[in-house]
Amino acid sequence: DTEVTQTPKHLVMGMTNKKSLKCEQHMGHRAMYWYKQKAKKPPELMFVYSYEKLSINESVPSRFSPECPNSSLLNLHLHALQPEDSALYLCASSQGPWGGPGQIGAKNIQYFGAGTRLSVL
Amino acid sequence: DAKTTQPNSMESNEEEPVHLPCNHSTISGTDYIHWYRQLPSQGPEYVIHGLTSNVNNRMASLAIAEDRKSSTLILHRATLRDAAVYYCTAINDMRFGAGTRLTVKP
């Protein structure tokens with residue numbers, strides 16, 4: 001099973017709402033990622049978790065709050081978003097832990113979910 | 001900033017081979033080269049990876065230059081289902097470059 005499951009598939013929220021995106025994998029992977037993708041653009045890295053600890057935060061605004069409760073689950077909590085935050089949010093996981101330079105190889109093959117399409121009104 | 005360079009777009013005819021180039025001149029000696037593709041309305045999917053030697057799998061082949069500063073993803077017989085954005089990553093931080101949008105004509 002190489003599946004990464006993201007819920008919900010679609011989400012519409014107002015700027016004052018609080019919502020959460022969920023990502024789950026059961027492949028025993030120890031690194032999990034959040035990306036944001038705008039239309040016609042490549043995915044932009046937001047956060048990296050390695051062994052359930054936050055390894056990378058790409059200077060993401062605090063209205064996005066990641067959480068990794070256990071090795072299979074990754075959440076992205078959303079609060080007070082802006083219309084420009086509307087995008088496709090992608091979750092990914094990889095077998096190996098995040099190790100920095102020289103760590104990319106077979107263990108860092110990323111498996112992506114189908115994404116959550118978020119609209120902020 | 002992404003450290004890979006790919007053409008913005010390429011076209012191919014169905015059932016013909018496609019060679020998708022990627023330049024990664026700042027690659028370090030231990031960084032692998034990964035290729036992913038993103039079909040419309042889907043998340044990216046892994047295609048192939050390699051370090052120094054050429055690699056083949058059921059989806060594609062990867063040809064890596066001897067100096068490792070460039071690589072080429074080869075689709076041996078393009079199908080309409082291969083129309084996607086193809087990304088190469090040869091850097092150590094999982095950031096995607098702009099990718100190449102492949103159009104396959106029937």
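Chain naming here is simple, since letters A, B, ... match the order of the sequence lines and numbering starts at 1 in each. All heavy atoms count here, side chains included; hydrogens, waters and symmetry mates do not.
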Part of Q37(A) lying under 4.5 Å from any heavy atom of chain B: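 Only the side chain of Q37(A) comes within 4.5 Å of chain B.
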Test item: Y36(B) side-chain N/O and Q110(A) main-chain N/O as donor-acceptor pair under 3.5 Å: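 The answer is yes, because a donor-acceptor pair under 3.5 Å joins these two groups.
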Within residues 50-88 of chain B or reaching into it, pairs that qualify as ring-ring contact (aromatic ring centres under 6.0 Å, His included) - sequence neighbours excluded: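 Output for this query lists Y87(B)-F96(B).
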Which atom of P42(A) lies closest to which atom of G97(B), heavy atoms considered: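 Looks like CB-O, 3.1 Å.
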Considering all heavy atoms, the nearest P44(B)-L90(A) contact: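 Looks like CD-CD1, 3.8 Å.
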Leading residue by heavy atom contact count with chain B [cutoff under 4.5 Å; candidates K41(A), K40(A), E58(A)]: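 When all of K41(A), K40(A), E58(A) are compared, E58(A) has the most.
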Most contacts with chain B, counted as non-hydrogen pairs under 4.5 angstrom, among G115(A), P43(A), A114(A):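 With the most close heavy-atom pairs to chain B, the winner is P43(A).
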Do other residues, nucleotides or ligands put more than 12 heavy atoms under 6.0 Å from [X] [atom1]?
X: N8(B); atom1: CG; result: no
X: R77(B); atom1: CZ; result: no
X: Q82(A); atom1: CD; result: yes
X: K38(A); atom1: NZ; result: yes

Single-linkage hydrophobic cluster, 4.5 Å side-chain cutoff, L39(B) and L102(B) together: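 Cluster IDs for L39(B) and L102(B) differ.
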Common cluster, I48(B)/M59(B), ILVMFWY with side-chain heavy-atom separation under 4.5 Å: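 Same cluster.
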What's the separation between atom [atom1] in [X] and atom [atom2] in [Y], rounded to the nearest 0.5 Å?
X: I109(A); Y: H49(B); atom1: CD1; atom2: NE2; result: 5.0 Å
X: S41(B); Y: R117(A); atom1: OG; atom2: CZ; result: 6.5 Å
X: Q42(B); Y: L88(A); atom1: CD; atom2: CG; result: 11.0 Å
X: E45(B); Y: Y111(A); atom1: CD; atom2: OH; result: 11.0 Å

side-chain hydrogen bond (donor to acceptor under 3.5 Å, both in side chains) partners of K69(B), counting only residues at least two apart: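 Applying side-chain hydrogen bond (donor to acceptor under 3.5 Å, both in side chains) to K69(B) gives none.
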Trace of the salt bridge (Lys or Arg N to Asp or Glu O under 4.0 Å) decision for E44(A) with R95(B): CA-CA 7 Å; E44(A) 295 176 41; R95(B) 292 177 180 86; over 6 Å; no
